[in-house]
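Since the structure comes first, as structure tokens, the remarks are kept for the end.
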Amino acid sequence: MTSLSADKLQEGLSTKRFGLRVFFSREVGSTNEWARELAAFDAEEGTVAIAETQTAGRGRLGRVWVSPKGGLWFSTILRPKIKPTEAVRLVFVAGLAVAEALLKLYRLNVETKWPNDVLVDKRKVCGALSEMNTTDEGVNFVVLGIGVNANFNVKKDLPDELRDSATSLETELGRKVDLEELFRYLLERLEATYDSFLKDGSASVIGEWKKHAGFLGRRVEVAGETKLVGLALDVDQDGALVLRLDDGTLKRVFVGDLSLRTK
Ligand code: BT5
């Protein structure tokens, strides 16, 4: 198993803000939690917390994110001057940046899946978790966490129940990748995508993100407050999934887990 080289993380990095400060640890609970603490101590925008393993990696709704050594687990502090309703759409910045990076670096068959996944050959290779801190004035900071299954073997290093739904770069490519190179390239894509989000608005980022989406036009099931089944028509400019239910009505969904229906 290759280790992350802390001194190589910023080597040749061409960003203006992202990754200028990098906090590295071999093991933490969660890089999102760590980044929140750093942000509370006024860490500037673009500061990154990265760890080789997480003992309490988390997903949405308090779910567990399994984070063995060999993965890329990091969180970036953002301080956008936007409304909380807009800031929730930052998760699309992560999905788009990761999809573009995996396509460019490894030519993989990449897809984005609503709302926060990146898939390779229909299996989850990356999850993103955006967590916001607000005050009466609005958004104080956002922590954008990204987990990429990179240099480990899915069958060996992930629990049995994830073997069918998850994949890793190593499993897909049959080799290990240069983790520091992936990290730097991802930071560059993240910064560029975030800047476009701020300058051109979330709709343009969501528009790009949709070009990679494999579920649009397909029959899907969405597990959320209730279970919905229908045709995935669109992801609108608010980031909501637009479904056409079997009775013909349109439904906008903001939170849920999407899976394809094969029947
Ligand atoms: C996510 O949640 O996909 C967000 C994952 C974010 C992880 C990053 S790592 C750096 C930063 N620090 C953190 O603590 N978190 C972020 P969600 O959509 O809720 O998916 C969670 C579900 O994915 C779990 O319930 C499992 O079914 C599955 N899962 C867990 N670990 C996985 C892995 N390594 N690969 C693929 N699927 C996994």
Side-chain angles (χ1 to χ4, degrees), residues 4 9 18-19 22-39 47-78 88 90-95 97-99 102 110-132 141-172 179 182-183 186-187 190 215 221-224 239 241 253-259:
L4 265 177
L9 288 170
F18 283 36
V22 174
F23 290 81
F24 170 78
S25 171
R26 292 276 163 220
E27 182 179 293
V28 292
S30 153
T31 57
N32 261 39
E33 195 54 44
W34 191 15
R36 284 169 79 116
E37 287 161 18
L38 294 167
T47 300
V48 170
I50 177 167
E52 206 160 64
T53 55
Q54 300 184 112
T55 53
R58 59 182 184 236
R60 291 175 300 151
L61 309 166
R63 289 189 282 225
V64 170
W65 182 258
V66 185
S67 315
K69 199 171 158 188
L72 187 61
W73 324 122
F74 73 99
S75 305
T76 307
I77 295 169
L78 306 176
V88 291
L90 282 165
V91 73
F92 295 100
V93 168
V98 172
L102 300 188
V110 182
E111 265 176 49
T112 50
K113 194 184 94 170
W114 185 86
N116 62 323
D117 293 355
V118 178
L119 314 180
V120 172
D121 286 336
K122 312 286 176 208
R123 293 191 164 89
K124 183 160 172 167
V125 78
C126 164
L129 179 67
S130 169
E131 294 180 307
M132 202 187 313
F141 62 82
V142 174
V143 168
L144 191 57
I146 293 181
V148 183
N149 297 339
N151 290 337
F152 58 79
N153 184 294
V154 168
K155 291 209 163 51
K156 233 174 67 220
D157 299 308
L158 289 183
D160 284 355
E161 65 268 22
L162 294 178
R163 281 182 192 167
D164 292 333
S165 62
T167 191
S168 71
L169 299 178
E170 180 176 324
T171 298
E172 294 298 320
L179 218 46
L182 172 59
F183 173 69
L186 250 176
L187 281 185
L190 270 177
F215 60 91
E221 181 177 309
V222 182
L241 174 69
V253 190
F254 284 89
V255 185
D257 288 296
L258 180 146
S259 51

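Order of appearance sets the numbers: ligands from 1, and atoms from 1 within every ligand. Please read all numbers here as calculations on a predicted model, not as lab measurements. Quick note: residue numbers are just sequence positions, from 1.
Note that OG of Ser259 is 6.5 Å distant from NZ of Lys113, once rounded to the nearest 0.5 Å. Distance CG/Leu162 to CZ/Arg123: 12.0 Å, rounded to 0.5 Å.
Residue-ligand proximity, Gly147 to ligand 1, at heavy-atom distances under 4.0 Å covers atoms 8 (C), 9 (S). Interface atoms of ligand 1 facing Phe74, defined by a heavy-atom separation under 4.0 Å, are 10 (C). Residue Gly57 has at least one heavy-atom neighbour below 4.0 Å for each of these atoms of ligand 1: 14 (O). The ligand atoms of ligand 1 that sit less than 4.0 angstrom from a heavy atom of Ser75 are 11 (C). For ligand 1, the atoms lying closer than 4.0 Å to a non-hydrogen atom of Ala166 are 35 (N), 36 (C).
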**Report entry** Derivation and outcome, side-chain hydrogen bond (donor to acceptor under 3.5 Å, both in side chains), residues Glu172 and Thr167
**Finding:** CA-CA 7 Å; Glu172 294 298 320; Thr167 191; 2.5 Å; yes
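Considering all non-hydrogen atoms of both residues, Ala166 and Asn149 come closest at CB-ND2, 4.4 Å. The heavy-atom pair separating Pro115 from Phe92 by the smallest distance is O-CE2, 4.0 Å.
Each of Leu187, Val98, Leu102, Asn151 was scored for a side-chain contact (heavy atoms from CB on, under 4.5 Å) with Leu182, with one residue passing: Leu102. Of the listed residues (Gln54, Glu52, Glu27), just one forms a side-chain hydrogen bond (donor to acceptor under 3.5 Å, both in side chains) with Ser67, and that residue is Gln54.
Using a cutoff of 4.0 Å between basic side-chain nitrogens and carboxylate oxygens, Arg58 and Glu131 are scored as salt-bridged. Between Asp164 and Lys124 there is no salt bridge, since no side-chain nitrogen of the basic residue lies less than 4.0 Å from a carboxylate oxygen of the acidic one. Note on Arg60 versus Asp257: salt bridge recorded, some NZ/NE/NH1/NH2 to OD/OE distance being below 4.0 Å.
Shown here are the side chain to side chain contact (heavy atoms under 4.5 Å, CB included) partners of Val255, two or more places apart in sequence or in another chain: there are none.
Between Trp73 and ligand 1, a contact under 3.5 Å exists for no N or O pair.
Only backbone heavy atoms of Val64 (N, CA, C or O) come within less than 4.0 Å of ligand 1; its side chain stays farther off. Within the 4.0 Å heavy-atom criterion, neither part of Val125 lies near ligand 1. Residue contacts with ligand 1, taken as heavy atom pairs separated by less than 4.0 Å, involve Ala128 solely via the backbone atoms N, CA, C and O. Counting heavy atoms under 4.0 Å from ligand 1, residue Glu161 does not touch it at all.
Among Arg58, Glu33, Gln54, Arg163, the residue whose heavy atom lies closest to atom 9 (S) of ligand 1 is Gln54. Selection from Leu144, Leu119, Asn149 by nearest heavy atom to atom 35 (N) of ligand 1 gives Asn149. Taking all heavy atoms of Lys113, Arg123, Arg63, Glu131 into account, the minimum distance to atom 25 (O) of ligand 1 is reached by Arg63. The option from Thr31, Val91, Thr167 that lies nearest to atom 11 (C) of ligand 1, judged by heavy atoms, is Thr31. With atom 1 (C) of ligand 1 as the reference point, the heavy atom nearest to it among Ile146, Leu129, Val28, Asn116 is part of Asn116.
At the top of the distance list for atom 31 (N) of ligand 1, counting protein heavy atoms only, stands Val66 N, 2.9 Å. The protein heavy atom nearest to atom 38 (C) of ligand 1 is Trp65 CZ3, 3.4 Å. The closest protein non-hydrogen atom to atom 27 (O) of ligand 1 is Leu162 CD2, 3.5 Å. Of all protein heavy atoms, the one lying nearest to atom 3 (O) of ligand 1 is Lys124 NZ, 2.7 Å.
Taking the side chain as every heavy atom from C-beta outward, Trp73 and Val28 never approach each other to under 4.5 Å.
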